[in-house]
> 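Mind looking over this structure? Questions follow.
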Amino acid sequence: MFSPVLRRTGLGLLLAAVVALFPAASRSHQASTIAIPSNWLSYGHDAGLTNAVPVPSLTLAATRRLATVWTKQLDGSIVASPLYANGTLYVETEAGTVYALQPGNGAVRWQRTFPVTATPSCGSWGFSSTGAIDLKRQLLYVISADGFLHALNLATGAERAGWPVGITNAHADGEYVWGGLRLFGNTVYVPVASYCDLPGSDGVMPNGRLVGVDVVKAAVAETFDPVPGEGNLGGIWGWGGVSIDSTRKRLFTGVGNSYVYDASCSCYTDTAGLGDAMVKLTPQLRVVGWDRPMHYPGTGDYDLGTAPLLFQPPGCPPLLAGNSKLGWMYVWNRTHLKSGLRFSAGVSDGLAAFVGQPSYSPSLNMIFESHATITRKKQKVGDGITAFSIDRRCRFHRRWTTSIGLGEEPPPLVLGDVVF
């Protein structure tokens, strides 16, 4: 499980817009705005969750002229990643509101408020899952805390006819969606976990799963249950939900711990079924490969609950990388998951959940990990970013580690050659 207290660390009520201005090449010193990619449609920017986009005009020198353009007071904390399309910024809050904002000044173009859910033991929640934008149909898909998947018109916020679709509505105070929604073809994939691995008001334990919704029919089409049986956990926690290799038409996701009684130890085991495993699926959610790192603890709540990064450096086969709550980054050959790990590295002390996933810059051929533990004389002195380069023989090398303070951090954002 992921602690809701940890999940909320560092969240704020203010949304800020920042722009970098720098002198143009001419002697007139006219200020020009950095060219930012036109759309950001889902968590992680792309289906491989690289969290990186090429922005040639954004250099380290240009960042010295970053300035706040506006701030906007919203009605709740912001956990989900803001999205951008059609010249509009889309933001969800824990108060249950979806905002469409004008990016130039933060003015509200429309807003819709949906029910929040109060749990018996884990607080009150609204939107934590990042939505997905469907440009073909001009829709924004979001899932509210009461368990309904919505399809909202990008221009007006109006619900599309035939929607919403119930996902966790039958057990909304026990099951919850943290991970981002992912659109592939005509299917939106919805990763289901729990609030904090505790039963809802009905006393029933949550049932983790991945749900595929046909957006044409507005109906559930497929379901993948990592740990067969009801109430056995196996939540899909990763902020990115699933990552997708669109060329080979394969989905990848990490699975959290199971909750299955084992008479041999008189305990509830975390590794039943595909608990704490990295899984490869078809678009129809059929399992075609999986791996659990050797010696992964059978108990102890050490989820492998990551949405993995998909990448392929020069000289390497197609790879995927993900984090575990043990504090390790794992790398697999994604065409041969069952062959086991290709590389692993301890990054965090694992005392505070090492969640999220790495980011990758193709132009720099480097992986960046946040929430790295910074030590001095074997004592922790901070948290920060660590970077790995990959050579032509597909060997990983830790290049640098930089402290940026104390506390949990989201995955790094790589714009051009600058890491935020």
Side-chain angles (χ1 to χ4, degrees), residues 1-2 4 7 43 76 79-80 92-98 111-132 134 139-153 157-183 186-239 241-242 253 256 259 285:
M1 86 179 188
F2 292 162
R7 283 286 188 171
Y43 187 93
V79 176
E92 304 160 76
T93 75
E94 288 293 353
T97 300
V98 181
Q111 69 185 76
R112 292 281 310 276
T113 299
F114 299 90
V116 298
T117 296
T119 70
S121 308
C122 305
S124 178
W125 302 88
F127 286 103
S128 302
S129 165
T130 299
D134 184 344
L139 295 172
L140 168 64
Y141 303 109
V142 295
I143 184 162
S144 48
D146 59 351
F148 287 95
L149 178 67
H150 302 270
L152 308 180
N153 183 282
E159 187 94 58
R160 190 177 182 88
W163 293 75
V165 177
I167 305 294
T168 63
N169 53 300
H171 198 201
D173 64 355
E175 297 172 349
Y176 191 57
V177 177
W178 296 99
L181 309 181
R182 186 74 50 194
L183 175 66
N186 291 330
T187 304
V188 167
Y189 296 96
V190 184
V192 177
S194 66
Y195 293 92
C196 48
D197 285 5
L198 293 174
S201 57
D202 57 5
V204 176
M205 287 293 287
N207 186 46
R209 58 199 183 276
L210 180 64
V211 180
V213 176
D214 185 322
V215 299
V216 176
K217 298 178 180 178
V220 172
E222 311 286 348
T223 300
F224 160 58
D225 186 356
V227 186
E230 293 298 317
N232 287 334
L233 298 185
I236 297 176
W237 293 92
W239 284 117
V242 299
T253 194
Y259 182 76
L285 302 187

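The structure displayed is predicted, hence computed values, not measured ones.
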> What are the two closest non-hydrogen atoms of D173 and S201, and how far apart are they?
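That would be OD2-OG, 2.6 Å.
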
> Evaluate the criterion side chain to side chain contact (heavy atoms under 4.5 Å, CB included) for residue pair E175 and N207; output intermediate values, then yes/no.
CA-CA 7 Å; E175 297 172 349; N207 186 46; 3.5 Å; yes

> Side-chain contact, heavy-atom cut-off 4.5 Å: W237 with S194?
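Counting from C-beta outward, W237 and S194 do come under 4.5 Å.
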
> Return the minimal non-hydrogen interatomic distance between V220 and G166, and the atom names on each side.
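Closest approach of V220 to G166: CG2-O, 4.2 Å.
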
> For V142, does its backbone N or O pair with a side-chain atom of E92 as donor and acceptor, under 3.5 Å?
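No, the answer is negative, given that no donor and acceptor are paired below the 3.5 Å cut-off.
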
> Are the side chains of P164 and L149 in touch, meaning some heavy atoms are under 4.5 Å apart?
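In short, these two side chains do not touch, never coming nearer than 4.5 Å.
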
> Parallel, tilted or perpendicular: which fits the ring planes of Y141 and W163, with parallel below 30° and perpendicular above 60°?
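It falls in the tilted class, 30° to 60°.
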
> Is the closest side-chain heavy-atom distance between D197 and Y259 below 4.5 Å?
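D197 vs Y259: side chains apart.
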
> Which heavy-atom pair separates V215 from V188 by the least distance, and what is that distance?
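Minimum heavy-atom separation between V215 and V188: CG1-CG2, 3.5 Å.
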
> Is any side-chain heavy atom of Y43 closer than 4.5 Å to one of R182?
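The answer is yes, as the side chains (C-beta and beyond) meet within the 4.5 Å cut-off.
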
> Under a 4.5 Å cut-off applied to non-hydrogen side-chain atoms, are I143 and F114 in contact?
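A side-chain contact is absent here, since even the closest heavy-atom pair is not under 4.5 Å.
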
> So R209 and T168, side chain to side chain contact (heavy atoms under 4.5 Å, CB included) or not? Walk me through it.
CA-CA 10 Å; R209 58 199 183 276; T168 63; 4.0 Å; yes

> Is T97 close to R112 at the side-chain level, that is, under 4.5 Å between some pair of heavy atoms?
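Counting from C-beta outward, R112 and T97 never come under 4.5 Å.
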
> For the residue pair G180 and S129, what are the closest heavy atoms and their distance?
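Shortest heavy-atom contact: CA-OG, 3.9 Å.
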
> Identify the heavy atoms of A172 and Y195 that sit nearest to each other, and give their distance.
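Residues A172 and Y195, closest heavy atoms: O-OH, 2.8 Å.
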
> Does the plane of the ring in F148 sit parallel, tilted or perpendicular to the ring in H150? Use 30° and 60° as the thresholds.
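Ring orientation, 0 to 90° scale: tilted.
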
> Within the side chain of T187, is there an N or O that forms a donor-acceptor pair under 3.5 Å with the backbone of G212?
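Side chain of T187 to backbone of G212, a donor-acceptor pair under 3.5 Å: no, none is there.
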
> Can you measure from CG (L285) to OG1 (T253) and round to the nearest 0.5 angstrom?
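If I round to the nearest 0.5 Å, the distance is 10.5 Å.
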
> Would you compute the distance between atom OG1 of T130 and atom CG of L181 and round it to the nearest 0.5 angstrom?
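CG of L181 is found 8.0 Å from OG1 of T130.
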
> Side chains of V211 and V192, heavy atoms from C-beta outward: is any pair under 4.5 Å?
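Side-chain contact under 4.5 Å: yes.
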
> List the steps and the verdict of side chain to side chain contact (heavy atoms under 4.5 Å, CB included) for V165 and V190.
CA-CA 11 Å; V165 177; V190 184; over 6 Å; no

> Do E230 and V204 pass the side chain to side chain contact (heavy atoms under 4.5 Å, CB included) test, and can you show the C-alpha distance, the side-chain angles, and the key distance before you say yes or no?
CA-CA 9 Å; E230 293 298 317; V204 176; 5.9 Å; no

> Tell me the closest heavy-atom pair linking S128 and Y176, and the distance in Å.
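Where S128 meets Y176 most closely, the heavy atoms are OG-OH, 2.8 Å.
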
> Can you tell if the side chain of L198 reaches within under 4.5 Å of the side chain of C122, non-hydrogen atoms only?
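Of all side-chain heavy-atom pairs linking C122 with L198, at least one is under 4.5 Å.
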
